[in-house]
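Order of the sequence lines sets the chain letters (A, B, ...), proteins ahead of strands, with each chain counted from 1. Remember, predicted model here, so these are calculated numbers, not experimental data.
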There are 2 protein chains.
Amino acid sequence: MARAVSETHGEILAAAARRFAVTGYRGTSLQDIAREVGCSKATVLYHFANKEALLAELMAPAIAVLQELDDRLTGLTGGAAQQVAAVGFVDLAVRFRREIALLRGEFPELLAQPAFAHIQQISERLRDAFAGHSDRPGARIAALVLLAGISEACAEFVDVPDDELRPALLALVRRAVEPVESPQPQPPTTEDKES
Amino acid sequence: MARAVSETHGEILAAAARRFAVTGYRGTSLQDIAREVGCSKATVLYHFANKEALLAELMAPAIAVLQELDDRLTGLTGGAAQQVAAVGFVDLAVRFRREIALLRGEFPELLAQPAFAHIQQISERLRDAFAGHSDRPGARIAALVLLAGISEACAEFVDVPDDELRPALLALVRRAVEPVESPQPQPPTTEDKES
DNA sequence: TGACAATCTGACCGATCGGTCAGGGTCTGA
DNA sequence: TCAGACCCTGACCGATCGGTCAGATTGTCA
């Protein structure tokens, strides 16, 4: 009954994604995943070191893109940081909304795990950039509302097509974000109309 | 060692609130709560029928206010519904942000429990009102982003004083919400362009 | 043919969970 | 004095969890 390694490996991954999306990470047991694949729990743990490794492999592509966005953000300040963070995060959230849905509401605990420690830092930098690196409480609060809200909305609207979700989120962000005073004489980037 | 019932009852409630806020509902065991109180787990279950009853009592005031907001919303349409929903929800979220923090990320599973079934319906009506009862995807998406984001921000900024959090959220909502056409002279709503 | 690695499994482990239960104190009021 | 209500507890329960392990099976290749 032994199948090619890649085959079973992929099947487990796909089954895990399906189960996680329905019952969440913690709410899904290795037994659940094994049952969905049609193998034993021991087989799941033969292909993956542990449950966390399974999640990590599932999230890897999204994390890579998040990392890349973080890189693009370094050095940017004020409105420029705000702009890149906003568009970059909306793109990321829309593209990986299945992955976001997997973690629905489990971010806090999961990010506390050492394997995802750096994600916490990245998201803090992202939030800071979203606020245009402003210290104003209003800006910081708005940044968190939008980042958290966009994540949740993407997780909720997994079935809404990209080309409907993305423009709606961008328009909302453009409306909601207060332009921050630019450090340089950053031209006021008046593309506030639709794009 | 027997204390007055109300005393222990209250101590358990307070300890549970503290633990839930740190480790979440599912992440907190009855043993944890008992340890914090300084009693046995059996004592916790003597004062509360089960773990869920403990949570229910903790959330009761917030749920009552949510229910009241829902009542105020019935019959309102368009911009009026939007206005009441926005201000009402911001007030509620700011006032009960400790309670919101308790459930951090566990809303989906908890709302699935029969004891909280009607909360799900209320929050759907609230979201609908927040969107001004509009069918436009953009409005529905924005409503979800703001509702979820406000909840998350309130949970995150438990230590920010009310009079700083509330105006910031209201200003954000005012910026972010697109005014909806009034319900009376329903024009043919040809807003197929941007927005 | 036989050695070897890869794949897979049932049985098992320790830990933890929410919850039950019989019974031991303590207080009160008839 | 004593019955009974109230408060509290340790011991225990069945279920479930993530994870381990020895060994069976299979495919490959010298």
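Take Glu57(A) and apply the side chain to side chain contact (heavy atoms under 4.5 Å, CB included) test, not counting sequence neighbours, and it matches His9(A), Leu13(A), Phe48(A). The side-chain hydrogen bond (donor to acceptor under 3.5 Å, both in side chains) test applied to Arg18(B) returns Glu36(B), not counting sequence neighbours. Checked against side-chain hydrogen bond (donor to acceptor under 3.5 Å, both in side chains), Asp91(B) has the following partners two or more places apart in sequence or in another chain: Arg166(B). Under the side chain to side chain contact (heavy atoms under 4.5 Å, CB included) criterion, Ala129(B) pairs with Leu73(B), Ala81(B), Ala85(B), His133(B), not counting sequence neighbours. Looking at residues two or more places apart in sequence or on another chain, you find a side chain to side chain contact (heavy atoms under 4.5 Å, CB included) between Arg35(A) and Gln31(A), Asp32(A). For Phe116(B), there are no ring pair (Phe, Tyr, Trp, His ring centres under 6.0 Å) partners at least two apart in sequence or on another chain.
Contact check of residues 50-58 of chain B against DNA chain C (heavy atom, cut-off under 4.0 Å) returns Asn50(B), Lys51(B). Residues from residues 16-33 of chain B lying near DNA chain D, meaning a heavy-atom separation below 4.0 Å, are absent.
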Cut-off 3.5 Å, no hydrogens considered: what does the side-chain donor-acceptor table look like for residues 20-27 of chain A, sequence neighbours left out?
residue, atom, partner, partner atom, Å
Thr23(A), OG1, Arg19(A), O, 3.0
Thr23(A), OG1, Thr28(A), OG1, 2.5
Tyr25(A), OH, Glu52(A), N, 3.3

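The side chain of Leu45(B) has dG19(C) as its nearest neighbour among dT9(D), dG19(C), dA6(C). Distances from the side chain of Ala42(B) to the nucleotides dT20(C), dT9(C), dC8(D) place dT20(C) closest. Checked against dT9(C), dC6(D), dT20(C), the side chain of Thr43(A) finds its nearest nucleotide in dT9(C).
Spacing between atom OH of Tyr46(A) and atom C1' of dT26(D) amounts to 12 Å, rounded to whole angstrom units. For the pair Lys41(B) NZ and dG18(C) P, the computed distance is 7 Å after rounding to whole Å. The NE2 atom of His47(A) sits 12 Å away from the P atom of dA6(C) (whole-angstrom rounding).
The side chain of His9(B) places no N or O atom within less than 4.0 Å of a non-bridging phosphate oxygen (OP1 or OP2) of dC7(D).
Side-chain N or O atoms of Arg95(B) include none that pairs as donor or acceptor with a backbone N or O of Leu92(B) at under 3.5 Å.
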